[in-house]
Amino acid sequence: MSFNTDVLIVGSGAAGLTLAIDLARRGVSFRLIEQNAQPFSGSRGKGIQPRTMEIFEDLGFVDRMAAAGGPYPPLCQYRPDGTHTMSLLTEADVSPTPAEPYAAPLMLPQFATEAVMRERLAELGHHPRFGTRLTGFEQDAQGVTARMAQESGEHVIRARFLVGTDGGRSAVRHALAIDFPGETLGVRAIVADVRLEGLDRSAWHRFQLASPATQVMICPLAGTDLFQIQAPVALDGEIDLSPAGLTALIEERTGRGDIAVCSVSWSSVYMMSARLADRYRVGRVFIAGDAAHVHPPTGGQGLNTSVQDAYNLGWKLAAVLAGAPEALLDSYEEERRPIASNMLRLSTRLLGEAKQGTMRRDREARQLDLGYRDSSLSVPGPVGGKVQAGDRAPDAPCRGQAGQQTRLFTVFQGPHWTLLGYDVRDRPSAIAGLRIVIIGTGHDLVDDGGHIAEAYGVEPGQWVLVRPDGYIAGIFSSDELEAQLLRYLAHTLPSCPAATLGGA
C-alpha cells in the first residue's frame, strides 16, 4: 500500500509544532492536524526554560521568541496588615555563562509562543491543518491507516508513523488503551487572560490574606497588554468568569475595590492532576507532551517538557525513516518517561510550596541538568569528569581558524551529529550525517578563551560525540576511534558507515 505521508502528527500545540519543525528541516514528509478550527488563544504555559531556549536556537527562532516576550517580573506578596514584600523568582546571581548562554526563564504566553512556532514552520513550507479531527486509526507492520473528519467529509490517509500530541484528554492515548495513572491533587483553579485597571505591570502580584484557598495571583504577561489571573476555587459549582465576576473575586480576596477587570480574552476552569502514561509507544504510534503527562502548572515545566519530548523523538523518527534500525525508536520512551516522572514530582512539590507562599524557582526548574546517563544510547566511559555520556553538551565561545568568532552551539546547530576532537593528530574518514570538528592550533576551532576545555574537561587526544539533540553520546580516545564509531553509529545512522569508515 502506498503512503500519503511519513508521519501524521495529531495536535498542533507546542509539542506538535516542535516535531513538525524538526521533521521539516530534515526533509521528512508529515501532516500536522488540529481538531480545533483556530489556534489556541490562551496563556496557559507562559514560561520558557533555558534548556528550551537552547532547543529553539537550534530550530532557528530563539531570538524571535525572546523579542516577543520578556523576563519574569519580581514577585510582590501582599500581607494581611496591608504591607508587602518584593522578591525574585530566580536567584539574583543567575546570569549567562559561556557554557550556559540562557540563564533565566523567558516569559511568553502560550498563544504567542505557538504563533512564533507556526511562523517558523511556514518558513519551512508547512502549515497546521485546522478543523481536522482524527476519528480513528489502525496499524500494521508497515504503517498506520488513519481516518480524519473535516468540513468536506471524512478522509483516509496512510502514514508510516503516527504521533499523538493531542493534550491531556488525548484521543490517541485512549485509542491505544494506554493507562494514565496518577492522582487528582484536590485543587480546582481558574486561569484567565484579562485587561484590567488598578495594578502596575512591574510585578507579579500575589495576594493571600487568609488561607491558601483564598489566594489570587495576577501576573502581567510579557509582550502583551494582558494580565493572567490565577486562583483556586471551590471543587464544584459554577464560576463566574465574566469581567464583573472576576472583579468581584479579586475584591473579595484582596480587600481592594480599585482593581477592575475590563475584558476577558480567554479563561478556563480546571482540576489539577499529576498523571503519567504507562507507555509512550505502541507499535508505530507514539504519544508526546500532555498526551503522555499532565501536572500542576507550578514551576513552568509542562510546555518545556512537551517541547523536549518532541525534540527527542524527531531526530529518531527521521533516522529510522531514512534507514536506521527501528530499535532506535525504543529509546524515546526509555529516555523521556523518567524525565516526565521527575517533572511531575517537582511540579507537585512546587504546588505545595506555592500554597504556603514560596514561589522560588531554583536551578532544577531550568532543566539544564536533565540528561540521559542511563540511556542505552549513552556509551559508558570515565566517571568523574566535567561531562559524561548522556549529559547536555555545553556551549562554549571559540574562534574559527579563519578568524571569525563562533560558539559550539553554532557548530551543533542543524540536524547532524557532531564529533569534536580535542587536540588530536589524525582526522577520521568522513561519515554521512556526521560533522567532524577538530579543536586546537592549526585545526578547525581555536579554544583561545579556554572555554571548551573548561566546560568539557577532556584530555588531548579525546573525542566527544554529540547527538543531534545536543546530548553527549560518548567520549572516546583516539585509539580505535573509527571502530568504536562504526559500532555505535550502525545503530543510530540511516546507513551503515562501514564502507565509508574503511575509506571506500
Side-chain angles (χ1 to χ4, degrees), residues 42-47 70-90 92 105 107 109 185-222 224-272 296-300 347-362 365:
S43 64
R44 195 169 340 181
K46 64 180 183 292
Y72 269 71
L75 182 68
C76 182
Q77 303 206 63
Y78 298 83
R79 298 193 186 99
D81 63 4
T83 62
H84 65 268
T85 58
M86 300 288 287
S87 60
L88 298 176
L89 283 168
T90 56
M107 180 186 286
L185 299 174
V187 178
R188 186 179 181 224
I190 62 167
V191 57
D193 299 345
V194 306
R195 289 176 176 83
L196 61 74
E197 298 172 346
L199 288 174
D200 66 74
R201 300 187 62 84
S202 64
W204 186 343
H205 306 273
R206 180 183 182 277
F207 299 86
Q208 185 174 318
L209 306 185
S211 71
T214 64
Q215 177 184 137
V216 63
M217 295 189 294
I218 307 174
C219 179
L221 290 171
T224 77
D225 61 353
L226 301 171
F227 286 81
Q228 182 193 68
I229 299 173
Q230 295 173 295
V233 293
L235 293 177
D236 50 31
E238 292 295 315
I239 306 297
D240 185 354
L241 295 174
S242 68
L246 290 172
T247 298
L249 181 145
I250 290 170
E251 181 172 2
E252 178 186 346
R253 297 193 181 189
T254 66
R256 291 175 53 171
D258 61 330
I259 305 171
V261 174
C262 307
S263 63
V264 180
S265 66
W266 172 81
S267 63
S268 178
V269 183
Y270 66 100
M271 292 291 296
M272 292 189 192
T298 37
S347 297
T348 304
R349 173 173 66 80
L350 292 175
L351 174 63
E353 294 177 1
K355 290 178 181 178
Q356 305 308 316
T358 303
M359 290 184 61
R360 288 281 290 219
R361 310 285 171 80
D362 58 16

For the side chain of His205 and the backbone of Val216, is there at least one donor-acceptor N/O pair under 3.5 Å apart?
-> no

Would a distance-only check, ignoring hydrogens and angles, find a side-chain to backbone donor-acceptor pair under 3.5 Å from Arg201 to Ala222?
-> no

Measuring from Leu241:CG to Ile190:CD1, what's the distance to the nearest 0.5 Å?
-> 6.0 Å

If you look only at distance, which donor and acceptor atoms sit under 3.5 Å apart when one is on a side chain in residues 262-270 and the other is two or more places apart or in another chain?
unit_1 : atom_1 : unit_2 : atom_2 : d
Ser265 : OG     : Asp193 : O      : 3.2

Validation row: Thr214, Glu252 side chains within 4.5 angstrom (heavy atoms) | no

Over all heavy atoms of both residues, which pair between Pro73 and Trp204 is shortest? Give the atoms and the distance, please.
-> CG-N, 3.8 Å

Heavy-atom closest pair, residues Leu246 and Val194 = CD1-CG1, 4.0 Å

Listed partners of Thr85 passing side chain to side chain donor-acceptor pair (under 3.5 Å), at least two apart = none

Out of curiosity, Leu199 CG to Cys76 SG, how far, rounded to the nearest 0.5 Å?
-> 9.0 Å

Contacts of type salt bridge (charged side-chain N to carboxylate O under 4.0 Å, His left out), residue Asp225, not counting sequence neighbours | Arg195

For Arg79, which residues count as a side chain to side chain donor-acceptor pair (under 3.5 Å) partner, sequence neighbours excluded?
-> Thr83

Nearest-0.5 Å distance that lies between atom CG in Leu249 and atom CD1 in Ile239 | 8.0 Å

Nearest non-hydrogen partners of Arg253 and Phe207, listed with the distance | O-CB, 4.1 Å

Identify each donor-acceptor pair in which a side-chain atom of residues 227-237 lies under 3.5 Å from a protein atom, sequence neighbours left out, and give them as a table.
unit_1 : atom_1 : unit_2 : atom_2 : d
Gln228 : OE1    : Lys46  : NZ     : 2.7
Gln228 : NE2    : Ser43  : OG     : 2.8

Who passes salt bridge (charged side-chain N to carboxylate O under 4.0 Å, His left out) against Asp258, sequence neighbours left out?
-> Arg256

Where do Met271 and Arg188 come nearest, in terms of heavy atoms and distance?
-> SD-CB, 3.4 Å

What is the minimum heavy-atom distance between Thr224 and Pro109, and which atoms define it?
-> CG2-CG, 3.9 Å

Identify the two heavy atoms, one from Met107 and one from Pro220, that lie closest to each other, and give their separation to 0.1 Å.
-> SD-O, 3.2 Å

Could you state the interatomic distance from NE2 (His84) to CZ (Arg206), rounded to the nearest 0.5 Å?
-> 14.5 Å

